[in-house]
Number of protein chains: 2
Amino acid sequence: MGETPQKYKYSWGIEATLDVIGGKWKPLVIYQLKDGTLRFSQIMARVQPRITQRMLTKELRELEKDGLVNRKVYAQVPPKVEYSLTEKGYSLIPILDQLCDWGYEHMGDDIEFQCEE
Amino acid sequence: MGETPQKYKYSWGIEATLDVIGGKWKPLVIYQLKDGTLRFSQIMARVQPRITQRMLTKELRELEKDGLVNRKVYAQVPPKVEYSLTEKGYSLIPILDQLCDWGYEHMGDDIEFQCEE
DNA sequence: CAGAATCCGGCCGGATACTG
DNA sequence: CAGTATCCGGCCGGATTCTG
């Protein structure tokens with residue numbers, strides 16, 4: 001029945017999603033991984049010179065904890081760690097594309113963009 | 001060579017968009033306004049008891065500054081201020097819906113949702 | 001190479017009180 | 001009613017140093 005036609009609409013889903021991609025560098029990191037597996041240093045290089053090691057480590061850990069990225073450690077010296085997107089992580093790409101597009105269309109008056117190619 | 005086949009992909013657009021909707025309450029506030037104009041106290045009531053006056057004022061000011069909401073002040077006593085979405089603000093609704101859906105599908109194991117109805 | 005640890009400034013966001 | 005003003009704790013995020 002029509003009760004609570006629109007009620008409160010707290011939109012927890014939005015907050016849950018923003019909790020996951022809202023980190024300062026997270027969308028960037030996810031975007032880097034969309035084309036495949038990358039090593040820690042490779043991600044660093046692609047987001048450089050803006051992100052610090054500490055931040056990259058931290059955000060990768062959180063993304064891993066949230067089930068968006070896989071972390072594979074090779075037991076060797078020197079260390080080698082590879083990161084890739086999980087299914088869940090991949091499912092975010094279309095949304096990130098849209099966020100990027102919106103930014104491009106509505107905010108892009110004096111900044112550079114690199115959404116799609 | 002396929003010059004800069006994928007280059008860096010900084011995705012500034014994403015960051016620009018998240019700057020605008022990334023505030024803790026902003027997506028909620030925008031969502032409340034999607035059905036039409038609301039007064040300050042009405043927005044408060046809908047987001048209550050979670051947001052504070054200070055935060056609502058602050059986020060509304062930022063949304064106004066970013067051109068997402070209109071602010072109409074009635075010169076009367078007691079004061080009356082109405083908020084509504086701009087075109088730009090409305091254009092975010094589909095994206096917010098997607099963010100909400102994603103949260104619902106991927107994070108919704110033990111939280112309540114109210115995306116659409 | 002991929003981090004862990006430490007230090008630190010800033011500012012985000014909440015609580016409370018006051019005002020036109 | 002719709003704000004300001006003030007205080008304040010926490011934590012976000014950067015810089016730097018050390019390590020297996």
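Reckoned from all heavy atoms, side chains included, excluding hydrogens, waters and symmetry mates. Quick caveat, the model's predicted, so the values are computed rather than measured. Just so it is clear: chains get the letters A, B, ... in the order the sequence lines come, proteins before strands, and each one is counted from 1.
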Listed partners of [X] passing side-chain hydrogen bond (donor to acceptor under 3.5 Å, both in side chains), at least two apart:
X: A:Arg71; answer: A:Tyr83
X: A:Glu62; answer: A:Lys26
X: A:Glu82; answer: A:Tyr74

Would you say [N] has OP1 or OP2 under 4.0 Å from some side-chain N or O of [X]?
X: B:Thr57; N: D:dG3; answer: no
X: B:Tyr83; N: D:dC1; answer: no
X: B:Arg61; N: D:dG3; answer: yes
X: B:Ser41; N: D:dA2; answer: yes
X: B:Tyr74; N: D:dG3; answer: no

A:Arg39 side-chain proximity, nearest of D:dG14, C:dA2, D:dA2: C:dA2
Just the rounded figure in Å: distance from [atom2] of [N] to [atom1] of [X].
X: A:Leu56; N: C:dA2; atom1: CG; atom2: C1'; answer: 10 Å
X: B:Glu64; N: D:dA2; atom1: CD; atom2: P; answer: 15 Å
X: B:Gln53; N: C:dG14; atom1: CD; atom2: P; answer: 13 Å
X: A:Ile51; N: D:dA15; atom1: CD1; atom2: C1'; answer: 14 Å
X: A:Leu60; N: C:dC1; atom1: CG; atom2: P; answer: 17 Å
X: A:Leu38; N: C:dA2; atom1: CG; atom2: P; answer: 11 Å
X: A:Lys80; N: C:dG3; atom1: NZ; atom2: P; answer: 13 Å
X: B:Phe40; N: D:dA2; atom1: CZ; atom2: P; answer: 7 Å

Under 3.5 Å donor-acceptor, A:Thr17 side chain and B:Cys100 backbone: no
Partner of A:Met44 under side-chain contact (heavy atoms from CB on, under 4.5 Å), chosen from A:Leu56, A:Thr57, A:Thr52: A:Leu56
For A:Asn70, side chain to side chain contact (heavy atoms under 4.5 Å, CB included) partners two or more places apart: A:Ser84, A:Thr86
Connected via hydrophobic side-chain network under 4.5 Å: B:Val73 and B:Val77: no
Listed pairs under 3.5 Å, donor-acceptor, residues 88-96 of chain A side chains, sequence neighbours left out:
{"unit_1": "A:Lys88", "atom_1": "NZ", "unit_2": "A:Asp66", "atom_2": "O", "d": "3.1"}
{"unit_1": "A:Ser91", "atom_1": "OG", "unit_2": "A:Lys88", "atom_2": "O", "d": "2.5"}
{"unit_1": "A:Ser91", "atom_1": "OG", "unit_2": "B:Trp102", "atom_2": "NE1", "d": "2.9"}
{"unit_1": "A:Ser91", "atom_1": "OG", "unit_2": "B:His106", "atom_2": "NE2", "d": "3.4"}

Which atoms of nucleotides 10-13 of chain C (N or O only) lie under 3.5 Å from a protein N or O atom, and what are those distances?
{"unit_1": "C:dG13", "atom_1": "N7", "unit_2": "B:Arg54", "atom_2": "NH2", "d": "2.6"}

Degree of bending, the helix from C:dC1-D:dG20 to C:dG20-D:dC1 (end axes from five pairs; round to 10°): 50°
Check ion pair B:Glu59-B:Lys65 (N to O, under 4.0 angstrom): no
